[in-house]
Structures are given as structure tokens and as C-alpha cells.
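Here the structure is a predicted model, which is why all the values come from computation and not from measurement.
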Amino acid sequence: MRQAGQKGGTSTAGKHGASFYREIGKRGGQARKTQLGSKGYADLGRKGGEARKTQLGSEGYAQLGRKGGRRVAELIRRGKQPANGEKTGDRS
């Protein structure tokens, strides 16, 4: 059964691409948030974080947090870069 599911998933990914999975994941998350409400959804996230911390241990969880922090800093840095090769202050 697992192999059949993986084969189907691979086929679907080939036909629709990653954006398809992003979209259905977003829809599923929104539906679940509607079911649980904001507090229930927050509790669900907290439980997931606690489970992940148990899997990784304290040091592994700390490393994961640092990795996320570096990623956020990179995205902020990219967001501050001028668009289309403009130079800072060069707005005609």
C-alpha cells in the first residue's frame, strides 16, 4: 500500500508540480483552523513543537531554532535589497 501511495504521489507531483501540494496543504490548514478555532489551532501547533523537541532533544531543537533564525535574517536581508538593480537612493 505504501509503495502504491508513493507511486501515485510521484505521478501527481510530476503532473501538477510543487505548487499543487502547497495549495492543497494551505486549503487543508485553513479548514482545520476553521474547525478548531484560533486557540485550538495554536494549541495544535504548540503540541507539535513539543513533540518535535522530544524527537530532537534540547540541543537539536536549539539548532533548529538557530537555523530558522538564520533563514529569517536572510529573507529580511533580501527584502531590503533594491529591486531590479536600483541603487539605494536612486529613485528618479
Shortest non-hydrogen pair, Y21 vs G9, comes out as OH-O, 3.0 Å
Using a 3.5 Å distance criterion without hydrogens, assess whether the side chain of S11 forms a donor-acceptor pair with backbone atoms of K7.
no
Value for NZ (K33) from CG (L44), rounded to nearest 0.5 Å, stands at 12.0 Å
Checklist entry - Can we say R78 and E74 salt-bridge, meaning some charged N sits less than 4.0 Å from an Asp/Glu carboxylate O? => result yes
When every non-hydrogen atom of F20 is compared with those of T12, the smallest separation belongs to CE2-CG2, 3.6 Å
Practice task
Please tell me if the side chains of R70 and R66 come closer than 4.5 Å, counting only heavy atoms from C-beta onward.
Solution key: yes
Problem set entry | Pair E23 + R27, salt bridge at N-O below 4.0 Å | yes
- Message: Within the structure provided, determine whether D43 and R46 are in side-chain contact (heavy-atom separation under 4.5 Å).
- Response: yes
Heavy atoms, side chains only, cut-off 4.5 Å: are Y61 and T54 in contact?
no
- Query: Heavy-atom count around Q55 CD within 6.0 Å, excluding the residue itself: above 12?
  - Reply: yes
Practice task
Go through the steps for Q6 and R2 under the test side-chain contact (heavy atoms from CB on, under 4.5 Å), then give the verdict.
Solution key: CA-CA 6 Å; Q6 287 175 341; R2 180 179 288 176; 4.0 Å; yes
